[in-house]
Engineer: 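Submitted below is the structure of interest, expressed as structure tokens.
Just so you know, residue 1 is the first one in the sequence shown, and it goes up from there. Both ligands and their constituent atoms are indexed starting at 1 by order of listing.
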Amino acid sequence: MLAEYAVRNSRGRRYPEPSHSYRSDFQRDRDRIIHSRAFRRLEAKTQVFTRRYSDHFRNRLTHTIEVAQIARTIATQLNLNVDLVEALALVHDVGHPPFGHAGEQALDRAMRDYSSAFDHNLHALRIVEDFELRYPSFRGLNLTFETREGIIKHSRDYKAEDYPQLSEYCLDLRPPLEAQLIDLADEIAYNTADLDDGYEAHLLSLEQIADGIPVFADFYRAVEETYPAAPEKLKFNEALRNLLDRFVTDFIANTQHEILEAQIAGLEDVRTLANRLTTLSPAVEQERDSVKQFLHKNLYFSETLDPDKTDAERVIGELFKFWMEHPESLPQGYQAKAADEPLSRVVCDYIAGMTDNYIQQQHSKHCGGIKTYALRAPS
Ligand code: MG
């Protein structure tokens with residue numbers, strides 16, 4: 001039972017294809033994403049912690065699966081198109097370069113020297129439109145309009161005048177709720193997961209988290225009353241899952257409330273509204289912000305992670321420079337692309353597609369590598 005404001009049918013694919021006998025268009029999009037190389041590479045890309053810390057921490061693939069779980073739960077409760085939501089959740093991070101946020105910044109900085117920029121949403125669109133080669137009759141995955149639109153528009157608005165190449169995606173209109181909800185589902189997933197991994201890595205203590213995040217402290221206190229003898233780790237888990245549930249439950253209830261308030265009667269109402277509808281209530285929004293601020297202050301910018309960032313900048317910066325000076329060392333397909341596009345864009349695309357492992361191999365091969373890489377661990 002889809003809500004009247006849900007996406008029902010697709011506007012179609014760039015290259016028309018006969019419909020499948022039992023899978024819907026959005027189910028096929030989801031399946032094409034799962035079978036893509038870019039999706040498999042997520043497994044070897046950093047989310048926050050590089051692989052050397054522990055095999056238990058999230059990588060970009062497990063993060064993506066967590067986002068898909070949360071997004072499906074929300075979409076089901078709002079009677080949205082769950083197949084489209086799942087496709088969008090699974091594809092939402094395929095445009096990320098190696099080494100997490102540090103890698104993204106390093107790549108963007110390298111591109112700024114050529115008066116350009118790196119944007120992971122735009123890169124994700126290039127992957128599904130061009131880089132994935134799986135079908136004899138077209139380049140890319142030939143995804144539906146709605147999935148491609150969601151890749152671009154789920155997390156931010158791109159101004160039509162600045163991005164004429166994206167005009168087909170109706171930049172003046174909001175995306176459907178199926179795309180809107182991905183952004184907050186993503187943030188709920190990584191906020192709670194990063195607390196978990198930070199605690200597990202001994203970079204965040206229980207006291208520190210409880211001091212910095214009052215709503216977590218409340219949950220932990222309640223858990224302690226119910227399970228006084230339980231090990232700290234299990235009490236921590238219990239409090240954290242209560243926090244995750246609080247965000248998701250409030251997200252669903254508040255979005256339902258916003259939909260009613262705005263008198264949304266169909267998809268066109270969602271699209272033409274000035275603002276997005278998928279939000280938390282003011283009180284829980286404040287709690288979300290407290291988690292975000294806490295993680296920025298205590299985890300993302302903690303000194304322990306500094307060597308990772310320095311390595312990421314060095315590896316990406318040096319390799320970028322190397323290929324700009326030695327384009328003949330790029331793989332044939334990328335050399336051919338340089339005939340039609342600036343070399344800096346070609347080098348950027350090549351680097352952005354790499355896993356953490358592969359870029360380290362390339363750095364060893366062309367720039368001498370970083371010898372100490374495997375030796376460091378959090379104190
Ligand atoms: Mg994400």
Side-chain angles (χ1 to χ4, degrees), residues 29-30 33-34 36-51 57-75 82 84-108 118-128 143 147-158 175 177-198 240 243-244 247-248 251 276 278-280 288-289 291-292 294-296 299-300 305 308-309 312 352-356:
D29 278 4
R30 175 200 60 201
I33 291 159
I34 289 174
S36 70
R37 281 174 69 165
F39 183 76
R40 288 196 296 280
R41 284 200 294 251
L42 292 171
E43 186 261 339
K45 290 193 177 197
T46 293
Q47 175 69 15
V48 173
F49 296 95
T50 53
R51 179 57 60 86
F57 296 157
R58 275 80 178 172
N59 56 50
R60 247 181 223 288
L61 179 62
T62 62
H63 158 73
T64 292
I65 293 168
E66 291 180 358
V67 175
Q69 178 270 310
I70 291 169
R72 268 198 318 264
T73 299
I74 294 165
V82 179
L84 175 58
V85 165
E86 193 173 16
L88 288 173
L90 293 174
V91 82
H92 90 280
D93 265 357
V94 296
H96 276 276
F99 301 137
H101 191 61
E104 189 172 3
Q105 278 187 325
L107 203 49
D108 188 57
F118 175 75
D119 177 305
H120 66 259
N121 290 338
L122 298 180
H123 188 68
L125 188 66
R126 290 162 71 80
I127 289 172
V128 303
L143 302 178
T147 301
R148 286 178 285 127
E149 180 198 24
I151 288 173
I152 285 300
K153 291 160 73 172
H154 73 273
S155 61
R156 57 169 280 206
D157 294 315
Y158 290 81
L177 291 170
E178 283 82 352
Q180 290 186 31
L181 71 84
I182 298 296
D183 193 40
L184 197 48
D186 182 25
E187 192 178 329
I188 292 171
Y190 70 67
N191 277 343
T192 48
D194 292 348
L195 285 175
D196 191 27
D197 287 349
L240 194 63
L243 185 65
L244 174 56
F247 285 137
V248 171
F251 186 176
R276 293 179 181 231
T278 50
T279 50
L280 298 171
R288 180 201 64 82
D289 194 55
V291 178
K292 198 181 175 84
F294 175 85
L295 286 167
H296 270 88
L299 186 66
Y300 305 146
L305 294 184
D308 278 345
K309 291 181 197 159
M354 292 181 185
T355 60
D356 291 12

Engineer: Do you see an N/O/S atom of His63, backbone or side chain, under 2.8 Å from the Mg ion (ligand 1)?
Structural biologist: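 Yes - counting backbone and side chain alike, His63 has an N, O or S atom under 2.8 Å.
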Engineer: Does the plane of the ring in His154 sit parallel, tilted or perpendicular to the ring in His92? Use 30° and 60° as the thresholds.
Structural biologist: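 The rings of His154 and His92 stand perpendicular, inter-plane angle above 60°.
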Engineer: If I compare all heavy atoms of Leu184 with all of Thr278, which pair ends up nearest, and what's the gap?
Structural biologist: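 So the two residues come closest at CD2-O, 3.9 Å.
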Engineer: Closest N/O/S atom of Asp93 to the Mg ion (ligand 1), by atom name?
Structural biologist: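 Relative to the Mg ion (ligand 1), the closest nitrogen, oxygen or sulfur of Asp93 carries the name OD2.
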Engineer: Of all N, O or S atoms in Asp186, which has the smallest distance to the Mg ion (ligand 1)?
Structural biologist: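 Nearest to the Mg ion (ligand 1) within Asp186's N, O and S set: OD1.
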Engineer: For the pair Asp29 (side chain) and Ala87 (backbone), establish whether a donor and an acceptor sit closer than 3.5 Å, ignoring hydrogens and angles.
Structural biologist: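 A pair under 3.5 Å: no.
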Engineer: Specify the closest pair of heavy atoms between Ala352 and Lys45, including all atoms of both residues, with the distance to one decimal.
Structural biologist: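 Answer, listing the atom of Ala352 first, then Lys45: O-NZ, 3.0 Å.
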